[in-house]
**Q** 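One structure follows; several queries about it will come next.
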Amino acid sequence: MQALQNDRLLRALLRQPVDTTPVWLMRQAGRYLPEYRKVREQAGSFMDLCTNPELACEVTMQPIERFPLDAAILFSDILTIPDAMGLGLYFEEGEGPRFKKPVRRAADVRALGIPDPETDLRYVMDAVRLIRRVLDNRIPLIGFAGSPWTLATYMVEGSSTKTFSRVKGMLYSEPALLHELLDTVAKSVTSYLNAQVAAGAQALMIFDTWGGVLTPRDYRDFSLQYMHKIVSGLTREAEDRKVPVILFTKGGGQWLEDMAATGADALGIDWSTDIGEARRRVGDRVALQGNLDPATLYGTAEVIRERVAGILDAFGPGPGHVFNLGHGINPDVDPVNTGVLVNAVHELSASYHG
């Protein structure tokens, strides 16, 4: 297998020395790019875009052609797994994701099967294979999935929610049933991520978008426990090198020590946690990814550079930092400012890696 031309990301995730801090951005392929909006219109719908490997590859590569990013991330959606379970995923314009058949009763949970990644989710694996060919070993490809708790929130609610009333209702009134659902989803996520590695993904990320809405006790029981199971079941080596795993719980800064104990290689943190404090807390157990407020990209070039410099200074010298936003890039950001961010990270971080 040909060596990667730029393996900064993989080295940083494993806390190995790098020349500059690597940078990639959550949702780096997306609506803030005019070329993405053009392809999205061509596809007809968001799901048509996700399920077309050629178009998914095209939009994955769009930010790579624009900016000197240190990684590509597969263009897909976290809800592909529940869709493959037969729940009927669709998107309402301006409303977000919805399911035709939400999971509300014991019979609904027991009817769920574990999707076969190479049949039920073949379009994702084909996209991974195609992206790897097009990347041609320039930079690594990140594969991903949603956490079981986050996927369950959509599966039970049937759509996006601000109150989480149905899924939290199940948590408090039928905890055994929710555990049964989470166990099935965790097995599905493990299988799905391992298939992505087999298809060519070189790092993995688990997005726990809604873990932060739980109490500390419930986070450990209903979210972290299942991410731990997934991490324990993942393929951690492929193509003669390690496959690093990143855990990201939005709003989860208070639980970094518990997250570090899962065996993950790196933790993503949002902007509500100081990265210097996070580094002091986790020590050398894991790398850290983050954590610029996405709204910073509405600022001037001077402000963006100043905030980048602040995060680099807070993390300090040495390995183990992957620069990223604290959550996904906002769709109305000027792409010029994204370029300012990426260039600032590379330029300003070199002095921290002597």
**Q** Taking all non-hydrogen atoms of both residues, which atom of G212 and which atom of T249 are closest, and how far apart?
**A**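 The answer is N-CG2, 3.9 Å.
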**Q** For the atom pair CD1 (I81) and CE (M155), what is the distance rounded to the nearest 0.5 Å?
**A**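 With rounding to 0.5 Å, CD1 (I81) is 9.0 Å from CE (M155).
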**Q** Are L288 and L341 grouped together when hydrophobic residues (ILVMFWY) are joined by side-chain heavy atoms under 4.5 angstrom apart?
**A**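 Linked, L288 and L341 end up in one cluster.
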**Q** Pairing donors with acceptors under 3.5 angstrom, does anything connect the side chains of D218 and T215?
**A**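 Distance-only check passes for D218 and T215.
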**Q** Identify, with sequence neighbours excluded, every residue that meets salt bridge (Lys or Arg N to Asp or Glu O under 4.0 Å) alongside R110.
**A**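 Result, salt bridge (Lys or Arg N to Asp or Glu O under 4.0 Å) vs R110: E180.
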**Q** Quick one: do E174 and R105 make a salt bridge, cutoff under 4.0 Å?
**A**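 Salt bridge absent between E174 and R105.
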**Q** Tell me whether S349 contacts the main-chain N or O of V345 through its side chain, where contact means a donor paired with an acceptor under 3.5 Å.
**A**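 Looks like yes, one N/O pair under 3.5 Å.
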**Q** Just checking E65: does its CD atom have more than 12 heavy atoms from other residues, nucleotides or ligands closer to it than 6.0 angstrom?
**A**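 Correct, the count exceeds 12.
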**Q** Is it true that L14 and L193 fall in one hydrophobic cluster, defined by side-chain heavy atoms closer than 4.5 Å?
**A**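 No.
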**Q** With sequence neighbours excluded, give me every side-chain hydrogen bond (donor to acceptor under 3.5 Å, both in side chains) pair touching residues 47-57.
**A**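 Output for this query lists S45-D48.
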**Q** D7 side chain to I139 main-chain N or O, any donor-acceptor pair under 3.5 Å?
**A**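 Looks like no, no N/O pair under 3.5 Å.
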**Q** Any idea which heavy atoms bring Y123 and T80 closest together, and the distance?
**A**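 Closest approach of Y123 to T80, heavy atoms only: OH-CG2, 3.3 Å.
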**Q** How far does CG of L214 sit from CG of L224, to the nearest 0.5 angstrom?
**A**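 Interatomic distance, L214 CG to L224 CG, rounded to 0.5 Å: 11.0 Å.
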**Q** Could you state the interatomic distance from CD (E58) to CG (L130), rounded to the nearest 0.5 Å?
**A**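 Spacing of CD (E58) from CG (L130) equals 10.5 Å.
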**Q** A side-chain contact here means heavy atoms from C-beta on lying under 4.5 Å apart; do L204 and I142 qualify?
**A**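 L204 vs I142: side chains apart.
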**Q** Between A152 and L182, which heavy-atom pair has the shortest distance, and what is it?
**A**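 A152 and L182 have their closest heavy atoms at CB-CD2, 3.8 Å.
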**Q** Determine whether a donor-acceptor pair (N or O, by modelled atom type, separation under 3.5 Å) exists between the side chain of D208 and the backbone of S147.
**A**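 It does not hold such a pair.
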**Q** Is the ring pair F46/F75 parallel, tilted or perpendicular, if the boundaries are 30 and 60 degrees?
**A**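 Taking F75 first and then F46, their aromatic rings stand perpendicular (interplane angle over 60°).
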**Q** What's the verdict on ring-ring contact (aromatic ring centres under 6.0 Å, His included) for Y154 and F99, showing C-alpha distance, side-chain angles and the deciding distance?
**A** CA-CA 8 Å; Y154 291 99; F99 286 113; 7.4 Å; no
**Q** Do you reckon V336 sits in the same ILVMFWY cluster as L25, going by side-chain contacts under 4.5 Å, direct or chained?
**A**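 No, separate clusters.
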**Q** Show me the pairs that pass salt bridge (Lys or Arg N to Asp or Glu O under 4.0 Å) and involve residues 344-354, at least two apart or across chains.
**A**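 Checked against salt bridge (Lys or Arg N to Asp or Glu O under 4.0 Å) - neighbours excluded - the pairs reaching residues 344-354 are R305-E347.
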**Q** Work out which heavy atom in N337 is nearest to a heavy atom in G299; give both atom names and the distance.
**A**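 Residues N337 and G299, closest heavy atoms: ND2-O, 3.4 Å.
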**Q** So do P319 and R11 actually touch side chain to side chain, heavy atoms under 4.5 Å?
**A**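 No, their side chains stay 4.5 Å or more apart.
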**Q** About how many Å separate NZ of K242 and CG of L10, when rounded to the nearest 0.5 Å?
**A**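 Separation between the atoms: 12.0 Å.
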**Q** Step by step, would you call Y298 with N330 a side-chain hydrogen bond (donor to acceptor under 3.5 Å, both in side chains)?
**A** CA-CA 9 Å; Y298 296 130; N330 294 330; 3.3 Å; yes
**Q** Is it true that R307 and D293 have a side-chain N and a carboxylate O under 4.0 angstrom from each other?
**A**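 Salt bridge absent between R307 and D293.
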**Q** Could you go step by step and tell me if D332 and R31 meet the salt bridge (charged side-chain N to carboxylate O under 4.0 Å, His left out) rule?
**A** CA-CA 8 Å; D332 55 349; R31 289 177 290 170; over 6 Å; no
**Q** Side chains of V286 and M259, heavy atoms from C-beta outward: is any pair under 4.5 Å?
**A**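 Side chain of V286 against side chain of M259, heavy atoms only: no contact under 4.5 Å found.
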**Q** For Y36, does its backbone N or O pair with a side-chain atom of Q62 as donor and acceptor, under 3.5 Å?
**A**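 Looks like yes, one N/O pair under 3.5 Å.
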**Q** Does a side-chain heavy-atom distance below 4.5 Å link Q202 with L141?
**A**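 A side-chain contact exists here, since the closest heavy-atom pair is under 4.5 Å.
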**Q** What pairs meet the salt bridge (Lys or Arg N to Asp or Glu O under 4.0 Å) rule with one or both residues in residues 244-258, with sequence neighbours excluded?
**A**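 Every pair satisfying salt bridge (Lys or Arg N to Asp or Glu O under 4.0 Å) with a residue in residues 244-258: R220-D258, E257-R281.
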**Q** Could you go step by step and tell me if R132 and R129 meet the side chain to side chain contact (heavy atoms under 4.5 Å, CB included) rule?
**A** CA-CA 5 Å; R132 275 297 304 272; R129 286 184 275 263; 5.9 Å; no
**Q** Search all heavy atoms of A71 against all heavy atoms of L9 and return the closest pair with its distance.
**A**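 Distance-wise, the nearest heavy atoms are CB-CD2, 3.7 Å.
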**Q** Could you work out, with side chain to side chain contact (heavy atoms under 4.5 Å, CB included) as the rule, every residue matching T161, not counting sequence neighbours?
**A**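 With sequence neighbours excluded, T161 shows a side chain to side chain contact (heavy atoms under 4.5 Å, CB included) to E157, T163, F164, given in chain and number order.
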**Q** Decide yes or no for P17 and H353: does some side-chain heavy atom of the first lie under 4.5 Å from some side-chain heavy atom of the second?
**A**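 Contact flag for P17/H353 side chains = no.
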**Q** Hey, does the side chain of H321 reach the backbone of L13 with a donor-acceptor pair shorter than 3.5 angstrom?
**A**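 Not confirmed, H321 side chain does not pair with L13 backbone.
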**Q** More than 12 heavy atoms of other residues, nucleotides or ligands under 6.0 Å from NZ of K101: yes or no?
**A**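 Not buried by this count: 12 neighbours or fewer within 6.0 Å.
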**Q** Any donor-acceptor pair under 3.5 Å linking the side chain of N324 with the backbone of W24?
**A**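 Indeed, once roles are kept as given, a pair shorter than 3.5 Å links the two residues.
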**Q** For the NE2 atom of H179 and the OH atom of Y226, what is their distance to the nearest 0.5 Å?
**A**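 These two atoms lie 4.5 Å from each other.
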**Q** Indicate if W271 and L325 have the same hydrophobic cluster label, given that clusters are the connected sets of ILVMFWY residues with side-chain heavy-atom separations under 4.5 angstrom.
**A**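 Each belongs to a different hydrophobic cluster.
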**Q** Just by distance, do the side chain of Q28 and the backbone of L69 share a donor-acceptor pair under 3.5 Å?
**A**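 Judged by distance alone, no pair lies under 3.5 Å.
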**Q** Considering all heavy atoms of both residues, which atom of D270 and which atom of G251 are nearest to each other, and what is their separation?
**A**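 Shortest heavy-atom separation between D270 and G251 comes out as OD2-N, 2.7 Å.
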**Q** Do the side chain of T150 and the main chain of T209 share a donor and acceptor less than 3.5 angstrom apart?
**A**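 Yes, because the side chain of T150 sits within donor-acceptor range (under 3.5 Å) of the backbone of T209.
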**Q** Same hydrophobic cluster for F91 and L87, using side-chain heavy-atom links shorter than 4.5 Å among ILVMFWY?
**A**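 Yes, F91 and L87 fall within the same hydrophobic cluster.
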**Q** Does any part of the side chain of V59, heavy atoms only, come nearer than 4.5 Å to the side chain of R40, both counted from C-beta?
**A**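 When only atoms from C-beta onward are counted, V59 and R40 do not touch, as no gap falls below 4.5 Å.
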**Q** Kindly confirm or rule out a cation-pi arrangement of R98 over Y90, judged by NZ or CZ under 6.0 Å from the six-membered ring centre and within 45° of its axis?
**A**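 No - R98 does not lie over the ring of Y90 by the 6.0 Å and 45° rule.
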**Q** Can you confirm whether R37 is buried at CZ, in the sense that more than 12 heavy atoms of other residues, nucleotides or ligands lie under 6.0 Å from that atom?
**A**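 Result for CZ/R37: enclosed.
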**Q** State which residue, out of R285, R15, R236, fulfils the salt bridge (Lys or Arg N to Asp or Glu O under 4.0 Å) condition with D265.
**A**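 It is R236, the one option of R285, R15, R236 that forms the salt bridge (Lys or Arg N to Asp or Glu O under 4.0 Å) with D265.
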**Q** Please list, chain by chain and in numerical order, all residues satisfying side chain to side chain contact (heavy atoms under 4.5 Å, CB included) with N291, sequence neighbours excluded.
**A**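 For N291, the residues satisfying side chain to side chain contact (heavy atoms under 4.5 Å, CB included) (neighbours in sequence not counted) are I269, I275, I311.
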**Q** Could you tell me if the side chain of R8 sits less than 4.5 Å from the side chain of T21, heavy atoms only?
**A**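 Answer no - side chains too far apart.
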**Q** Ignoring hydrogens and geometry, is there a side-chain-to-backbone donor-acceptor pair from T190 to A186 under 3.5 Å?
**A**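 Side chain of T190 to backbone of A186, a donor-acceptor pair under 3.5 Å: yes, one is there.
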**Q** Taking the basic N atoms (NZ, or NE/NH1/NH2) and the acidic carboxylate oxygens, is any pair closer than 4.0 Å for R122 and D126?
**A**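 Looking at D126 together with R122, the answer is yes, because their closest N to O distance falls below 4.0 Å.
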**Q** For the residue pair F67 and Y32, does the interplanar ring angle fall in the parallel (under 30°), tilted (30 to 60°) or perpendicular (over 60°) class?
**A**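 It falls in the parallel class, under 30°.
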**Q** So do the side chains of M227 and V189 get within less than 4.5 Å of each other, counting heavy atoms only?
**A**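 A side-chain contact under 4.5 Å is absent here.
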**Q** Would you give the length of the straight line joining atom CG of L178 to atom CE of M170, rounded to the nearest 0.5 angstrom?
**A**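 Here the interatomic distance stands at 6.5 Å.
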**Q** Is the backbone of A264 close enough, under 3.5 Å, to the side chain of T262 for a donor and an acceptor to pair up by distance?
**A**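 Flag set: sc T262 to bb A264 pair under 3.5 Å.
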